[in-house]
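Here is the structure we will look at, set down as structure tokens.
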Amino acid sequence: MTNKELADLIYPSLSHTPEEYEAMYPERDLPEGAMVTRLGPSPTGFIHLGNLYGAFVDERLAHQSGGTFFLRIEDTDDKRFVENAVETIITSLAFFDIKFDEGVTQTGDIGAYGDYTQSHRGEIYRTFAKKLLEQGMAYPCFLSEDEITAIREKQEAAKLSPGIYAGWSKYRDWDKDPEIASEIEERVRAGEPFVIRLKSTGVPNASAEDTERHEVVDAIRGNLSVPANFLDIVIIKQSGIPTYHFAHVVDDHLMRTTHVVRGEEWLPSLPIHVELFADLGWELPVYCHTAQLMKIGEDGNKRKLSKRKDPELSLDYYRSQGYHPAAVREYLLTILNSNYEEWRAENPDASSDDFAFTTAKMSSSGALFDLDKLNDVSKSTLLRIDAAELASWLKSWSDEFAPEYGYVFEDMDHLAAILDLGRHDARPRADLVYARQIMDYIGYFFDESFRREDEYPQEAADDAKAILAAYLDSYDHSDDNETWFGKIRQIAVDLGYAAKPKDFKKHPEEYKGHVGHVSTVIRIALMGRATSPDVWAIQQIMGESKVRERISACM
RNA sequence: GGCGCAUUGGUCAAGAGGUUAAGACGUCGCCCUCUCACGGCGGAAUCUGGGGUUCGAUUCCCCAAUGCGCUACCA
């Protein structure tokens with residue numbers, strides 16, 4: 001039996017040749033320097049910040065260079081498939097404004113390089129696996145799980161690298177042994193299950209000096225020297241579905257990906273991919289191995305976590321807390337490129353798309369997720385969003401995650417006015433962080449959520465009723481800020497309080513307290529809290545009747 | 001165990017063979033101020049350790065430690 005005969009025996013009828021596929025998916029016609037990137041999530045139903053982090057790199061690289069960014073679903077693991085996961089992936093990414101030029105969408109594939117779902121591409125993978133079989137670069141392997149376990153134990157005992165490679169699978173050298181050749185033939189004809197393994201040309205268990213190495217340029221990490229692979233890794237599983245390794249190589253070649261952005265956990269398997277690309281006679285894409293994003297514990301202690309199953313790392317967490325997508329984007333960009341913050345400081349109003357993103361500025365060590373920093377970034381990001389827009393965004397958040405705040409959205413103009421409080425001053429207030437925090441922050445504007453949270457300050461507690469009575473008496477809703485505060489000063493002085501805090505500090509014995517204490521009494525009557533933005537401005541938004549009502553209620 | 005990647009303040013980090021080792025967040029103090037926020041000023045706080053190379057190393061090399069990852073017919 002020749003290689004060709006074996007290949008035909010295993011894959012007797014395929015509709016296309018490798019050459020035909022090459023012709024069907026030609027080199028893309030793009031301007032010089034344009035990058036083609038892809039996001040390849042597996043539909044496990046869990047998207048985390050790390051995915052987003054990588055997605056931004058892909059998206060920026062492609063769109064900044066006038067290239068193409070596509071979405072490919074990597075569902076080669078039939079055991080891990082989760083219902084509706086693809087939809088979740090698409091909507092989550094869309095929420096964070098990640099836009100694809102081609103690939104899988106909710107209404108079908110877009111683009112000329114599909115199908116973009118790996119489980120639909122079986123025929124293509126088989127075609128190229130057949131090519132490797134024909135060239136003697138791959139072989140069918142019938143080793144059972146138990147046999148493989150036994151091999152591993154033997155290897156461990158002998159202190160050899162574990163795995164299937166030259167010398168360990170008898171099927172590898174079938175062409176040198178007619179008996180094995182006929183066994184293969186019989187078992188294939190009998191329909192017994194088997195996998196296709198790469199017949200690696202690497203030298204197993206070589207000493208460090210003798211190991212052949214390849215130089216690979218990583219756009220983030222610089223020059224990498226990777227040892228040659230020698231493992232006969234599985235390229236097609238028993239199920240007929242390819243492994244990640246094979247699917248990656250075939251797809252990224254055929255889809256003409258120029259830059260492969262993926263997590264650093266793939267670094268150890270790079271040698272496999274290098275060999276596969278070489279065996280198929282294809283050019284290696286530029287790899288960009290990103291550092292893993294980790295998180296800081298909410299208890300303040302730092303702990304590095306693996307990305308896998310920490311719910312705090314889930315995108316949904318930030319969505320349900322109501323972090324604005326632009327804020328998350330802004331934050332991710334600051335940790336993605338070390339000079340982003342500096343650029344932002346110089347270009348406060350520019351679109352983040354105008355920033356020149358480079359892989360060279362990416363860190364190769366993992367960053368801890370910093371909630372404080374996100375909050376800070378969020379404050380300044382929200383400041384740049386128009387109040388009406390913010391209001392409608394909050395409404396959509398509430399509709400999805402917090403319907404109990406429905407009353408807030410009954411009058412959208414009113415809400416916008418509330419949100420805009422102090423935001424256009426010479427030194428704008430920055431106290432809006434995320435939706436849940438905002439709901440609490442503006443809670444006193446609504447009778448549904450108004451509560452007395454703070455007590456009157458000790459200095460003025462005894463005079464509270466007198467202060468409020470005088471205030472109500474003198475209140476004129478049309479007073480301007482200055483006139484209004486002048487009246488409070490007068491009330492303070494009349495009742496024995498200092499008109500200025502400094503006077504009180506200098507001679508505390510002469511006064512009961514100062515004007516600040518007096519206004520705090522008013523603030524608590526109106527807002528239920530000792531801290532708030534400017535009382536006069538709040539009153540203008542609240543309206544006269546509510547102001548009088550709140551004050552009267554405390555008398 | 002083997003292999004790989006990483007290691008500058010609490011966090012994100014710039015940096016270069018000779019610097020007072022940037023900046024941001026956080027933190028502390030002060031100022032501004034009717035509270036808070038904003039803003040301003042200032043403080044504390046960093047090159048994981050050990051060997052080399054060098055006149056000089058945080059920077060280059062080696063070793064170690066630590067962290068993370070890979071070691072699947074998962075991605």
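The basis for the numbers below is simple: all heavy atoms, side chains too, and nothing from hydrogens, waters or symmetry mates. All of these numbers come straight from a predicted model, not from anything done at the bench. Letters go in sequence order (proteins before strands), and every chain restarts at 1.
For A/Lys373 and B/rA13, the shortest distance from a side-chain N or O to OP1 or OP2 is not below 4.0 Å. At B/rC74, none of the side-chain N or O atoms of A/Thr243 fall inside 4.0 Å of OP1 or OP2 (strictly under the cut-off). Between A/Arg152 and B/rA72 there is a side-chain N or O to OP1 or OP2 distance below 4.0 Å. Regarding contacts with the backbone of B/rC70, every side-chain N or O of A/Ser269 stays at 4.0 angstrom or more from both OP1 and OP2.
In this structure, the side chain to side chain donor-acceptor pair (under 3.5 Å) partners of A/Lys373, at least two apart in sequence or on a different chain, are A/Glu341. The side chain to side chain donor-acceptor pair (under 3.5 Å) search around A/Arg427 returns none, not counting sequence neighbours. Considering only residues two or more places apart in sequence or on other chains, A/Glu153 meets the side-chain contact (heavy atoms from CB on, under 4.5 Å) condition with A/Thr149. Taking A/Tyr340 as the reference, A/Glu330, A/Arg344 meet the side chain to side chain donor-acceptor pair (under 3.5 Å) condition, with sequence neighbours excluded. Checked against salt bridge (charged side-chain N to carboxylate O under 4.0 Å, His left out), A/Lys361 has no partners two or more places apart in sequence or in another chain. Checked against salt bridge (charged side-chain N to carboxylate O under 4.0 Å, His left out), A/Asp75 has no partners two or more places apart in sequence or in another chain. Every residue two or more places apart in sequence or in another chain that forms a salt bridge (charged side-chain N to carboxylate O under 4.0 Å, His left out) with A/Asp431 is listed here: A/Arg429. Taking the salt bridge (charged side-chain N to carboxylate O under 4.0 Å, His left out) definition, one finds that A/Glu156 meets it with nothing, sequence neighbours left out.
Residue contacts for A/Ala430: at a heavy-atom cut-off of 4.0 Å it reaches the sugar-phosphate backbone alone, with no base atom in range. Within the 4.0 angstrom heavy-atom criterion, no nucleotide atom of any strand lies near A/Leu224. Residue A/Val195 is in base contact, counting any heavy-atom pair closer than 4.0 Å across all strands shown. When heavy atoms are screened at a 4.0 angstrom cut-off, A/Glu74 is found touching the sugar-phosphate backbone but no base atom. Within the 4.0 angstrom heavy-atom criterion, only backbone atoms of the sugar-phosphate kind lie near A/Ser364; the bases stay farther away. Among the heavy atoms of the strands lying under 4.0 Å from A/Thr76 are primed sugar atoms or P, OP1, OP2 only; no base atom is included. In this structure, A/Ser519 reaches the bases: a heavy-atom distance under 4.0 Å links it to at least one base atom across the strands shown. A/Ser239 comes within contact range of no nucleotide atom at all, as no heavy-atom separation falls under 4.0 Å.
Comparing B/rA13, B/rC25, B/rA37 by their closest approach to the side chain of A/Ala367 singles out B/rA13. Among the nucleotides B/rC74, B/rC34, B/rA13, the one closest to the side chain of A/Asp77 is B/rC74. In the set B/rG10, B/rC36, B/rC73, the nucleotide with an atom closest to the side chain of A/Lys237 is B/rC73. For A/Lys361, whose side chain is taken as the heavy atoms from C-beta onward, the closest listed nucleotide among B/rC36, B/rC38, B/rG15 is B/rG15. Side-chain proximity of A/Pro268 to B/rC36, B/rC25, B/rC70: nearest is B/rC70. Nearest nucleotide to the A/Val234 side chain, out of B/rC34, B/rC70, B/rC73: B/rC73.
Distance CZ (A/Arg423) to C1' (B/rA37): 14 Å, rounded to an integer number of Å. If you measure from atom CG of A/Leu368 to atom P of B/rG9, you get 12 Å, rounded to the nearest angstrom. One atom, OH of A/Tyr287, and another, C1' of B/rG4, lie 16 Å apart when rounded to the nearest Å. Atom CG of A/Leu267 is separated from atom P of B/rG2 by 20 Å (rounded to the nearest Å). In this entry the distance linking CD of A/Glu459 with P of B/rU35 reads 13 Å, nearest Å. One atom, CD of A/Glu341, and another, P of B/rA22, lie 17 Å apart when rounded to the nearest Å. Rounded to whole Å, the distance from CD1 on A/Ile335 to P on B/rC25 is 16 Å. Per the geometry, CG belonging to A/Asp146 stands 14 Å off P belonging to B/rC73, to the nearest Å.
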Encode nucleotides 58-63 of chain B as B, S and - characters from 5' to 3', where the letter depends on protein heavy atoms closer than 4.0 Å: B to the base, S only to sugar-phosphate, - to neither. ------
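Residue pairs meeting the salt bridge (Lys or Arg N to Asp or Glu O under 4.0 Å) criterion with at least one member in residues 224-252 of chain A, sequence neighbours excluded: A/Arg38-A/Asp252, A/Arg72-A/Asp251, A/Arg72-A/Asp252, A/Arg121-A/Asp251, A/Arg172-A/Asp232.
Remark: A/Arg489, A/Pro501, A/Lys502 in residues 486-503 of chain A come within less than 4.0 Å of RNA chain B through at least one heavy atom.
Stacking of A/Tyr244 onto the six-membered ring of B/rC74 is not present when judged by under 5.5 angstrom between centres and under 30° between planes.
Not a single donor-acceptor pair, N or O on each side, falls under 3.5 Å between the base of B/rC36 and the side chain of A/Arg523. Donor-acceptor pairing under 3.5 Å, judged by distance alone, is present between the side chain of A/Asp534 and the base of B/rC34.
Residue whose closest nucleotide on RNA chain B sits further toward the 5' end, between A/Arg197 and A/Lys505: A/Lys505. Taking for each of A/Leu143 and A/His517 the nucleotide of RNA chain B with the nearest heavy atom, the 5'-most of the two is the partner of A/His517.
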Could you provide the dot-bracket string of RNA chain B, using ( ) for intrastrand pairs, [ ] for crossing pairs and | for bases paired to another strand, with Watson-Crick or G-U pairs below 3.5 Å? (((((((..(((.....[....))).(((((.......)))))....(((((..]....))))))))))))....
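Rounded to whole Å, the P atom of B/rG15 lies 23 Å from the corresponding atom of B/rA57. The gap from the P atom of B/rU11 to that of B/rG49 amounts to 15 Å, rounded to the nearest Å. Remark: the separation of the C1' atoms in B/rA13 and B/rG26 is 14 Å, to the nearest Å. For the P atoms, the distance from B/rA37 to B/rG50 is 43 Å, rounded to whole Å. A gap of 43 Å separates the P atoms of B/rG42 and B/rC5, to the nearest Å.
Counting only distance, with no hydrogens or angles, the side chain of A/Trp536 and the backbone of A/Asp479 share a donor-acceptor pair below 3.5 Å. Of the possible polar contacts, none joining the A/Asp440 side chain to the A/Gln437 backbone as a donor-acceptor pair under 3.5 Å is found. Side-chain atoms of A/Thr117 never come within 3.5 Å of backbone atoms of A/His120 as a donor-acceptor pair (strictly under, hydrogens ignored). Using a distance-only test at 3.5 Å, with no hydrogens or angles considered, a donor-acceptor pair links the side chain of A/Thr359 to the main chain of A/Ala219.
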Show the numbers, then the answer: is there a side-chain hydrogen bond (donor to acceptor under 3.5 Å, both in side chains) between A/Ser200 and A/Glu275? CA-CA 8 Å; A/Ser200 175; A/Glu275 180 169 16; 3.0 Å; yes
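When the options A/Tyr323, A/Tyr434, A/Tyr331 are evaluated for a side-chain hydrogen bond (donor to acceptor under 3.5 Å, both in side chains) with A/Asn375, the one that passes is A/Tyr323.
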